[in-house]
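Working notes for the structure below.
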Amino acid sequence: MSRTALSVAEIVACGLCIGCGLCESVTEQRVTMATTEAGSLRPTPLDGFSEHEEATILASCPGTTSSPRSDLDVPVDPVWGRFTEMTYAWAGNPDVRFEAATGGVLTALGMHLVDSGQAAFVLHVGADPDAPMRSRWVISETSDSVRANAGSWYGPTAPLAGLGAALDRGEPFAIIAKPCDLGAVHAYSKADARVNELVVARLTMVCGGQSRFEKSTDVIDDLGVSETEVSLFRYRGYGNPGPTRVETHDGRSFELTYNEMWDDEAGWKTESRCTVCTDALGEAADVAAADAWPGGGPTGEDEGFNGIQVRSHAGTALVESAVKAGALVVGDPITAREYDGLQPHQVRKKEALSARFAGLTQAGHPVIATEGLRVDELGQRLSDDERAREIAGIVRRVEAGRYSS
Ligand SMILES: Cc1cc2nc3c(=O)[nH]c(=O)nc-3n(C[C@H](O)[C@H](O)[C@H](O)COP(=O)(O)OP(=O)(O)OC[C@H]3O[C@@H](n4cnc5c(N)ncnc54)[C@H](O)[C@@H]3O)c2cc1C
Ligand code: SF4
Ligand code: SF4
């Protein structure tokens with residue numbers, strides 16, 4: 001019989017914590033996010049919660065629960081969930097489009113929300129100025145600040161460590177965060193009514209997985225650079241996908257192509273929560289933005305094209321207002337089946353999830369509740385052999401200690 005975790009300590013011990021930071025907000029910083037030896041962000045100390053705080057976290061944590069958030073009259077696709085439209089899109093400002101991770105949609109929407117007064121600020125993430133290889137949550141009150149924090153962080157981020165501070169301001173705001181983070185925000189809204197009152201837009205990226213910090217240190221180790229020497233670590237952007245760029249305080253700079261950075265999957269150091277990701281496509285967002293490379297990977301540089309999924313009526317209104325203001329350009333529509341071809345790895349992962357959960361259950365581990373995410377329906381697409389292979393693979397990973405903190 002499958003079950004969910006019974007404590008935050010069990011979520012962490014079983015590899016289901018993604019380090020979103022909600023623990024820090026709920027405990028008003030008594031429990032903080034600390035980097036583990038393997039380079040993940042985890043709540044510390046694990047026995048620092050009151051009974052009420054722990055119950056709140058168990059009801060909201062991406063390691064226990066995940067569900068879509070959308071207007072129920074929006075049609076649902078088995079793979080992509082509810083969406084009002086899917087299209088190509090990119091930032092109206094060519095410099096934003098160039099600097100951003102893909103086509104700058106998330107940055108353009110964030111800037112537009114602030115410039116138009118719809119949001120007083122955006123809660124998102126950016127480089128820690130004191131340790132530029134590491135991220136921190138950021139409150140951007142100006143569109144310049146939203147723009148300065150453009151780009152994808154493939155390493156650990158804890159945007160929800162800033163959720164409490166953002167809510168305490170009592171002003172309308174937008175959040176840009178990973179799909180799992182927004183799932184937590186949606187679940188947490190049941191415990192804190194301010195979420196639905198104040199969060200005017202929830203924006204996300206389609207997500208292939210978060211790497212532990214080790215992935216970034218592997219890069220600088222290969223370059224012969226130490227973390228204290230680094231003044232800039234940019235995973236991508238300044239092109240699409242753009243190079244991974246490292247700069248040092250003494251003026252050296254290094255670049256790796258996207259394929260040099262990501263060709264060897266064994267070196268990704270992906271978090272275990274990501275291997276059983278319940279919603280990498282952002283079904284708790286108003287708008288999700290993705291890469292849009294045929295076959296799922298880049299064959300060279302281009303001007304920057306996002307594919308977007310607009311998931312709610314609020315998302316539709318936001319996109320329309322951004323297009324009207326010139327902040328966003330919308331291109332051709334993309335059908336759900338065309339999108340499958342742009343993200344084949346995401347389709348495979350969704351189809352495998354039910355078997356992977358069966359493997360976790362067989363190994364005595366907790367799973368994640370996924371009401372509304374069509375996990376069993378998609379799981380039926382696997383043949384008996386494929387299902388058996390997925391289950392055995394997960395059991396092996398558990399036995400090898402790969403579902404641990
Ligand atoms: C870990 C990770 C894995 C990804 N895997 C895939 C994939 O498999 N397939 C795919 O199509 N796309 C993937 N993406 C998405 C892609 O890299 C772009 O983020 C997306 O296309 C949006 O591009 P953009 O130009 O609109 O973003 P930008 O305009 O550059 O804006 C990015 C915004 O997101 C915020 N942000 C960036 N990284 C994080 C983070 N880790 N946590 C919280 N907030 C963050 C930034 O603060 C910024 O506001 C991934 C992104 C991440 C972070
Ligand atoms: S995923 Fe977030 S809410 Fe869950 S244990 Fe980790 S930090 Fe806390
Ligand atoms: S793959 Fe899923 S769990 Fe991992 S960071 Fe992305 S959205 Fe979160």
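Whatever order the structure lists ligands and atoms in, that order sets their numbers, starting from 1.
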Is there a donor-acceptor contact under 3.5 Å from the side chain of [X] to the main chain of [Y]?
{"X": "Glu351", "Y": "Leu382", "answer": "no"}
{"X": "Thr56", "Y": "His52", "answer": "yes"}
{"X": "Thr87", "Y": "Pro333", "answer": "no"}
{"X": "Arg30", "Y": "Gly48", "answer": "yes"}

How far is [atom] from the closest protein heavy atom, and which atom is that?
{"atom": "atom 8 (Fe) of ligand 3", "answer": "Cys180 SG, 2.3 Å"}
{"atom": "atom 49 (O) of ligand 1", "answer": "His124 ND1, 2.8 Å"}
{"atom": "atom 53 (C) of ligand 1", "answer": "Trp153 O, 3.3 Å"}
{"atom": "atom 50 (C) of ligand 1", "answer": "Val206 O, 3.3 Å"}
{"atom": "atom 4 (Fe) of ligand 3", "answer": "Cys274 SG, 2.3 Å"}
{"atom": "atom 6 (Fe) of ligand 3", "answer": "Cys207 SG, 2.3 Å"}
{"atom": "atom 48 (C) of ligand 1", "answer": "Asn149 O, 3.5 Å"}
{"atom": "atom 47 (O) of ligand 1", "answer": "Val125 O, 2.7 Å"}
{"atom": "atom 1 (S) of ligand 2", "answer": "Ile18 N, 3.4 Å"}
{"atom": "atom 33 (C) of ligand 1", "answer": "Ile176 CG2, 3.7 Å"}
{"atom": "atom 2 (Fe) of ligand 3", "answer": "Cys277 SG, 2.2 Å"}

Proximal ligand 1 atoms for [X], defined as those under 4.0 Å from one of its heavy atoms:
{"X": "Ala290", "answer": "11 (O), 21 (O)"}
{"X": "Gly103", "answer": "25 (O)"}
{"X": "Lys178", "answer": "40 (C), 41 (N), 42 (N), 43 (C)"}
{"X": "Gln346", "answer": "8 (O)"}
{"X": "Ala177", "answer": "43 (C), 44 (N)"}
{"X": "Gly209", "answer": "1 (C), 2 (C), 3 (C)"}
{"X": "Thr102", "answer": "16 (C), 18 (C), 20 (C), 21 (O), 23 (O), 24 (P), 25 (O)"}
{"X": "Arg236", "answer": "16 (C), 17 (O)"}

Between [options], which one has a non-hydrogen atom sitting closest to [atom]?
{"atom": "atom 32 (C) of ligand 1", "options": "Gly151, Ala101, Ala150", "value": "Gly151"}
{"atom": "atom 42 (N) of ligand 1", "options": "Thr157, Thr107, Val146, Val138", "value": "Thr157"}
{"atom": "atom 16 (C) of ligand 1", "options": "Ala100, Ser152, Cys207, Gly126", "value": "Ser152"}

Using a 3.5 Å cut-off on N or O atoms only, is [X] in polar contact with ligand 1?
{"X": "Gln343", "value": "yes"}
{"X": "Gly104", "value": "yes"}
{"X": "Met205", "value": "no"}
{"X": "Pro159", "value": "no"}
{"X": "Gly208", "value": "yes"}

Only one of Arg82, Arg202, Arg374 passes salt bridge (Lys or Arg N to Asp or Glu O under 4.0 Å) with Glu283, and that residue is Arg374
Are [X] and [Y] close enough for a salt bridge, meaning some N to O gap below 4.0 Å?
{"X": "Glu10", "Y": "Arg3", "value": "yes"}
{"X": "Lys215", "Y": "Asp218", "value": "no"}
{"X": "Asp279", "Y": "Lys178", "value": "no"}
{"X": "Asp71", "Y": "Arg311", "value": "no"}
{"X": "Arg212", "Y": "Glu271", "value": "yes"}

Between [X] and [Y], what is the shortest heavy-atom contact and its length?
{"X": "Ile368", "Y": "Pro62", "result": "CD1-O, 3.6 Å"}
{"X": "Thr107", "Y": "Ala100", "result": "OG1-CB, 4.5 Å"}
{"X": "Ser60", "Y": "Leu22", "result": "CB-CD2, 3.7 Å"}

### Task
Verify the neighbour count for atom CD of Glu171: are there more than 12 heavy atoms of other residues, nucleotides or ligands below 6.0 Å?
yes
Counting heavy atoms under 4.0 Å, the part of Arg42 that contacts ligand 2 is neither
(request) I would like to know whether Arg381 and Ser354 meet side chain to side chain donor-acceptor pair (under 3.5 Å); could you show each step before the answer? (result) CA-CA 10 Å; Arg381 295 181 178 187; Ser354 136; over 6 Å; no
**Pi-cation contact, Phe305 with Arg97 (under 6.0 Å, within 45°)** = yes
Original post:
Distance under 6.0 Å and angle within 45° of the ring axis: does Arg245 meet both against Tyr238?
Top reply: no
Would you say the ring centroid of Phe233 lies under 6.0 angstrom from that of Trp153?
no
Q | Between Trp262 and Tyr154, ring centroids under 6.0 Å | A | yes
(Q) Please determine whether any non-hydrogen atom of His345 lies less than 4.0 Å from an atom of ligand 1. (A) yes
State the atoms of ligand 2, each with its element, that fall below the 4.0 Å cut-off from a heavy-atom position in [X].
{"X": "Cys23", "value": "3 (S), 5 (S), 7 (S), 8 (Fe)"}
{"X": "Gly21", "value": "2 (Fe), 7 (S)"}
{"X": "Leu22", "value": "3 (S)"}
{"X": "Pro62", "value": "1 (S), 4 (Fe)"}

Which of the numbered atoms in ligand 3 are under 4.0 angstrom from any heavy atom belonging to [X]?
{"X": "Gly209", "result": "1 (S)"}
{"X": "Pro179", "result": "7 (S)"}
{"X": "Lys178", "result": "5 (S)"}
{"X": "Gln210", "result": "5 (S)"}

Check: Should Arg273 be listed as contacting ligand 3, given a heavy-atom distance under 4.0 Å as the test?
Finding: yes
**Asked** Would one find an N, O or S atom of Cys61, in either backbone or side chain, under 2.8 Å from atom 6 (Fe) of ligand 2?
**Response** no
Distance col, row Ile18:CD1 vs Arg273:CZ, nearest 0.5 angstrom, shows 6.5 Å
| message | Under a 3.5 Å threshold, yes or no: a donor from one side chain and an acceptor from the other, between His124 and Ser140? | response | yes
